[in-house]
Structures are given as structure tokens and as C-alpha cells.
*Asks:* 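I have a structure I would like to understand better, so I am pasting it below and will then ask my questions one at a time.
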Protein chains: 2
Amino acid sequence: MSEKVTIATVARHARVSRQTVSNVLNTPHIVREETRQRVQEAIATLGYRVSQAARQMRTGRSRLLAVRIEPTRDGINGSVLDRFLHGLTETAEVAGYRVMLYTADDTAREIAAYEDLLSAYDLDGFVLTGTDHGDPRTAWLAEREVAFVAFGRPWDDLTAHPWVDVDGAAGTARATAHLLARGHRRIGFLGWPAGSGVGDDRRAGWRDALREAGIDPAGLDRAVEDGIAEGEWSMRDLLDADEPPTAVVCASDSLALGALQAVRAADPAVAVIGFDDTPVAAATGLTSVSQPLGEAAARCVDLLTAVLDGDQQSPEPVLLQPSLVLRHTA
Amino acid sequence: MSEKVTIATVARHARVSRQTVSNVLNTPHIVREETRQRVQEAIATLGYRVSQAARQMRTGRSRLLAVRIEPTRDGINGSVLDRFLHGLTETAEVAGYRVMLYTADDTAREIAAYEDLLSAYDLDGFVLTGTDHGDPRTAWLAEREVAFVAFGRPWDDLTAHPWVDVDGAAGTARATAHLLARGHRRIGFLGWPAGSGVGDDRRAGWRDALREAGIDPAGLDRAVEDGIAEGEWSMRDLLDADEPPTAVVCASDSLALGALQAVRAADPAVAVIGFDDTPVAAATGLTSVSQPLGEAAARCVDLLTAVLDGDQQSPEPVLLQPSLVLRHTA
DNA sequence: TATCCGAATTGGATCGTTCAAGATGGCGAG
DNA sequence: CTCGCCATCTTGAACGATCCAATTCGGATA
């Protein structure tokens, strides 16, 4: 509308100095109650907002967080990111931060993106997703003392950096327990080849749950790449065994969906449980393990702001429990 | 590493003044070739980057675009946003802009978010998705002369503001034509209640395609809210008619998925085509109309930067053609 | 009454960039 | 030879916030 409202406008209006207004905003406790209120009122009536650019220039902090938005490899699992992003943005807003996106095709480019974001935009922190064994990104960031949180455990060293994750083993264990309770004994597992932290973890949850129930898991699982087709043929393979399973837990909804197709053709009574509770699962009535993505995002922001606001250097990691969403397939 | 590299560091290193460095960056044509190269070299060796905060403070422009990330209403259609966002971020990066996210539960809050983003972050422009008839957001933005593009037509006045959209009518027409070519004559349509621009458009495409083929569309369509259950019972209703359709075109993958369930129970030969080519469609083998989201995003950025860089006040809107992704269901 | 204290407030400098205006030097026209 | 012009480059000021050091002021103490 009219003139630009700066801290000086507010100061004049409240008959105090610029510094007092600044104190009201940043260190309210050192300002007398009465003065503080007068300033607050002026801020409200004038509709004043701190110029982030000016503040940033002086303090070197931008109140900006960055997340990489991935090239949606697999359409099914890609939609997980969607919910995570929303949660992140929402929680960040409450904490006074904003979320900025960036893309990167490979790790080298991603590090180049860090350099740009840090030096040009003075980014405060990063949220990483899908960190790997010995991830060069975390090393790079740690070396430069840039604040970051990973959504996903650093599998080699759990204290390497702050992280938030969902307990995948607990998820598959829960799914297995559900099937056991339903009377199933021969419960199979469709997962990925050994070596990926996430995949091994999910397989372990199933295996341990079976063993605990006194059942030998040997021969009841298969390891394939992720995908619907892979799920279908490996399930068919499983069903062709001497003693085929009467139920199967899968490491992803993609695999589960494939398994479902094999099951429909062979023996529709076989129960199937997926992982991630993607829209596809909801749409097809697939029972699936659901990750609390909104909460995961919120905790990521919590950890990051804890570091940024100097409360603590390395806040306690967070391991969230998934839940089982029951639908028609189990 | 060492000291912070500012424009002054570069100037000293290249033995020119600050302003000359600034000119190299912003108005290279007024700098002598030889000097320009020397400055460019200095920039490269020192790894200098413009401080966006300082630039923003002086110019009032932030090179930041904002997009709202929605609360993922329907999981199925929600994942469309994912792909769009990725395209947006990627194209924006090339044009020297960054994408910032925000959330808002309703229109009033969204406008409040505009105020904050504009005054606190000096946002340059907005990308709106899902604009409605007489959308208060577009009015608000237009009144304040804030740059924005909508992904989705302003249905009441096509010249109201810059927009990018996908030709939904062409999509359903293409789907219908495909079915006609396959020999189908009684082709039904499952769509939404009249009143939504997008829905009416998609219905019109089907209707006109049928008429053009000399077929009366009367009685062959249903109008229901979006959803799998709705799709299922309205399809069942359609199949119960005297002369049931042998194929059906749907306004969304959700409806199509419901229709598919009804079809499987009644007459598996009936062909079904969805809309949006969501991951669910890919996973379930549903033939669907696919929107070029990546390109749509890119064109949004193009339009927005055209306005921002002052090339033109109101650039020509863009209408993109969807394509038909053939799978098993048609 | 003089002195001191600390809480509250003030004015000036500063962050890194761009804008506006001024300086320099070469060259051709009068 | 001088003037003006153009192209090129330089200098000082400003954007709006925060930090720092200095100052005011009411009240407690000697």
C-alpha cells in the first residue's frame, strides 16, 4: 500500500529507538513490559515484518531449510516424499523456518548444490533423505559443520549425525505377528537383495518374529529388486515350492502388488501385506505397513532447529514406530 | 575455508572496482571484453557467489518463487503434485530462481501467507495450482501486481492472468477416439458434477468425440464426486442400464479404479480408461490419459520469468496436449 | 548530597550489493 | 588546440536489520 514499513517506522510510531524494537523481536526479556507492549501494538497496527534479507545480511542466518526433491524414480514409492514434504513445510513454518527445494541428479551435483545454496542463500540447514552406507554428502556437510538431519539411519554409525527414522523391522514384525495371530504358520517374505540397510532391516523384522514364534524362516523368503513384475514372479516362485506359504510380507507395496497378482492367479486365499501404505495400497485394498511421515517430518524439523538454535550440538536420534493398516488382503 | 569472498575480494583480485564486477554480473555488455574476462576468471578462481541477501536488500527482488504444497487430499491425485514440483524446481534452477514451499489450510490463510512471504522474503512470484471460478487468490495477487502463473485455466476469463494448462477435453476425446477405433460404440463417461471447469471440460471432450462419430451420448454418463467407491457404484449403475456401455472413459484414475472393480465383477470385457496416469494406474495396468507435468511446470517457470524479467506484461497462455498411455484395460 | 549501579535506551557502524553520479582517457570535429 | 562525446571505469550512498559501545535515568547506597 503506502510506504514500506521498516523497523524505524515502528520505532517512531511506538516512540522508542530502533534498537528497542529489535530487542522486542529478538530478546524480549530485556525490555520493560510496558514498552514491549507498546512496540508490539505498533508492529501489529503497521503490519510490520522483519526483512529477512536485512536480518540475514547482518546475522548470516537465513531461516531457510533445504530438501532435495527427487526425480520420482518409482511412481509408487515416490508419493511418500509428497507427504513428508508437506509435514516438513508445515512444521518448519511454525518454527519460523521456510523450506526451499533443490534437485540433483547425482551426489557430485548435490554437493555442488550445497555450495551454491550455502554461499548464495546462506542456508541454515539441510534435510537429507535416503542416506547410504558411507554417504559422501553427510561427510561433506559434517566437515563444514553445516547443520543437517537425515530421514533414514546412518547404518554404519548410529551416532554419526542426527537422524529420524521409522523402525522398519518393527513394521514387518508387526505384520508377521498379525498373520500369526490369524493362524498363519508358513509366512513368506519378499524383499530386496542384502546390502541395503532398509531392506535388511525389514527382512530381519519378519525373520525374528517367525523365530520367536518357533518357526524356521528358511526357504520362505526371496530377494529381488523392487518392482511389480519382480514381485509377481518371485511370489509365483514361492508358491511353487513344496510347502508354499499361506501368507507373505513384502518390503514394499510394489512387491506386494506383484505378489497379489500371482496370488490371485494361483490361490486367492493367500494373505499379502505391503510396506509404505502408498496410495496404491489404499486404492487396491492392500493391507500395508504405514510410516508416520508427518511426524517423521516434524521430528526432523525439531532436531534441526535444536541444532540451529544452539540448544544442543547433537540431539538424540528419533526412531518412530510404524503401524499396520488393515485392508482386504490380510 | 578462508575469508568470505565478497564482490570486493573479486574486485581487488581483478584490479577493478566493485561496480565493475557488479556490471560483469548484471550488465556484461557495458564492460570491455578484456576486463570482463579478467573479472570472470577472478570469480572462478575465488569461487565467488553473489550474496542473494545483499542483492535482495538493494533491489527488492529475491529470485524466489513460491508454490503451495497441499495437504494431499486424495492420495491418488496428490502424487501429481510431486512430479510437478520436481519439474518446477529443475526449470527454476536453470533460470536462476529457487522454489520455496508454503502451506495453507484455506484461502484466507493462503492470502495471509502471501503477505508474509512478500514482505518478509520479498518473494518474486507465485505458482498457483487448482484455481477456481472467481478465485480470491488471483484477485488479491493481481490487485497488488504480484507476478504469478496458474497451473489451470481461469475458466471465467481466459485472459485474466498468465496460465498453463493441459487440454483435458483433448485427452478424453483422444481416449474416446481410441475406443471408437477399437470398435466400441456405446462408450460411457464417469465424471464429476457440473460446475467445475476441469470436470466439465473433460466431459465435453468425450461428448463431442462421440457426437462427431455420430453417436448420441445421452444416458451414457454419470456425475459423481471423485472417489473409488463412487466410481464403483456409478459404474455398476451404468452397467445395469438397458443398453450398457462396452467401454468407459473416466475423469480421474480414482473413478476409473472404482469402475474397474465394478467391471471385473460384472463383465471383464468392458474397457476402462482413467485420467492423470497416476502411479496407481501404472501399478494396476490401467490405461490412462497422461498429463505432461514436467513440461507444464517448465512452461509455468517460463511464463513467470518472462513477467519478472520484464520481457512482457502478460505472456501468452500455454495449453498442452495430454497423451494416452495404453495398458491392459483398454 | 554525592556517588554508584544496573536496567533501559540511544546513536553509529556494519553486513554485501546495486544505483546514481562523477572521473578518466581517447578520439574526432570545429 | 580545445571542446565535447563516447566508452569505460570509479566513488559515495543507500537498502533494513543487528551488534557494539555509549548514554540516560531512577533509585539504592555511603
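The chains referred to below are lettered A, B, ... by the order of the sequence lines, with proteins before strands, and numbering in each begins at 1.
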*Asks:* Going 5' to 3' on DNA chain D, which nucleotide is the first and which the last to come under 4.0 Å of a heavy atom in chain A?
*Replies:* D/dG16 to D/dC20
*Asks:* To the nearest 0.5 Å, tell me how far A/Ser17 OG sits from A/Arg12 CZ.
*Replies:* 13.0 Å
*Asks:* Residues in ring-ring contact (aromatic ring centres under 6.0 Å, His included) with B/Phe148, at least two apart?
*Replies:* B/His161
*Asks:* For the pair A/Asp165 (side chain) and A/Arg153 (backbone), establish whether a donor and an acceptor sit closer than 3.5 Å, ignoring hydrogens and angles.
*Replies:* yes
*Asks:* Any side chain to side chain donor-acceptor pair (under 3.5 Å) involving residues 91-101 of chain A? Give me the pairs, sequence neighbours left out, ordered by first then second residue.
*Replies:* A/Arg61-A/Tyr97, A/Glu93-A/Arg98, A/Glu93-B/Thr103, A/Tyr97-A/Asp309, A/Arg98-B/Asp116
*Asks:* Using a strict heavy-atom distance below 4.0 Å, which residues from residues 18-33 of chain A are in contact with DNA chain D?
*Replies:* A/Arg18, A/Gln19, A/Ser22, A/Asn26
*Asks:* Only counting residues at least two apart or in another chain, list the ones meeting side-chain contact (heavy atoms from CB on, under 4.5 Å) with A/Thr159.
*Replies:* A/Asp157
*Asks:* Would you please name every residue forming a ring-ring contact (aromatic ring centres under 6.0 Å, His included) with A/Phe126, sequence neighbours left out?
*Replies:* A/Tyr114
*Asks:* Listed by chain and number, what are the side-chain contact (heavy atoms from CB on, under 4.5 Å) partners of B/Ala53, not counting sequence neighbours?
*Replies:* A/Gln56, B/Ser51
*Asks:* So if I take residues 41-52 of chain B and measure heavy-atom distances to DNA chain D, which residues fall below 4.0 Å?
*Replies:* none
*Asks:* Can any side-chain N or O of A/Arg63 pair as donor or acceptor with the backbone N or O of A/Ala95 at less than 3.5 Å?
*Replies:* yes
*Asks:* Between residues 54-65 of chain A and DNA chain D, which residues have a heavy-atom gap below 4.0 Å?
*Replies:* A/Ala54, A/Arg55, A/Met57, A/Arg58, A/Thr59
*Asks:* Is the backbone N or O of A/Ala54 less than 3.5 Å from a side-chain atom of A/Arg58, with the two atoms forming a donor-acceptor pair by type?
*Replies:* no
*Asks:* Can you tell me how far CD of A/Gln40 sits from CD1 of A/Ile43, rounded to the nearest 0.5 angstrom?
*Replies:* 5.0 Å
*Asks:* At the 4.0 Å heavy-atom cut-off to chain A, mark where contacts on DNA chain C begin and end, going 5' to 3'.
*Replies:* C/dA8 to C/dG16
*Asks:* With a 3.5 Å distance limit and no angle check, can you tell me whether A/Asp124 reaches the backbone of A/Leu65 through a side-chain donor-acceptor pair?
*Replies:* no
*Asks:* Suppose the criterion is salt bridge (charged side-chain N to carboxylate O under 4.0 Å, His left out): which pairs have a residue in residues 13-35 of chain B, not counting sequence neighbours?
*Replies:* B/Arg32-B/Glu34, B/Glu33-B/Arg36, B/Glu34-B/Arg38
*Asks:* Only counting residues at least two apart or in another chain, list the ones meeting side-chain contact (heavy atoms from CB on, under 4.5 Å) with A/Gln291.
*Replies:* A/Phe151, A/Val166, A/Arg202, A/Phe275, A/Asp276, A/Leu293
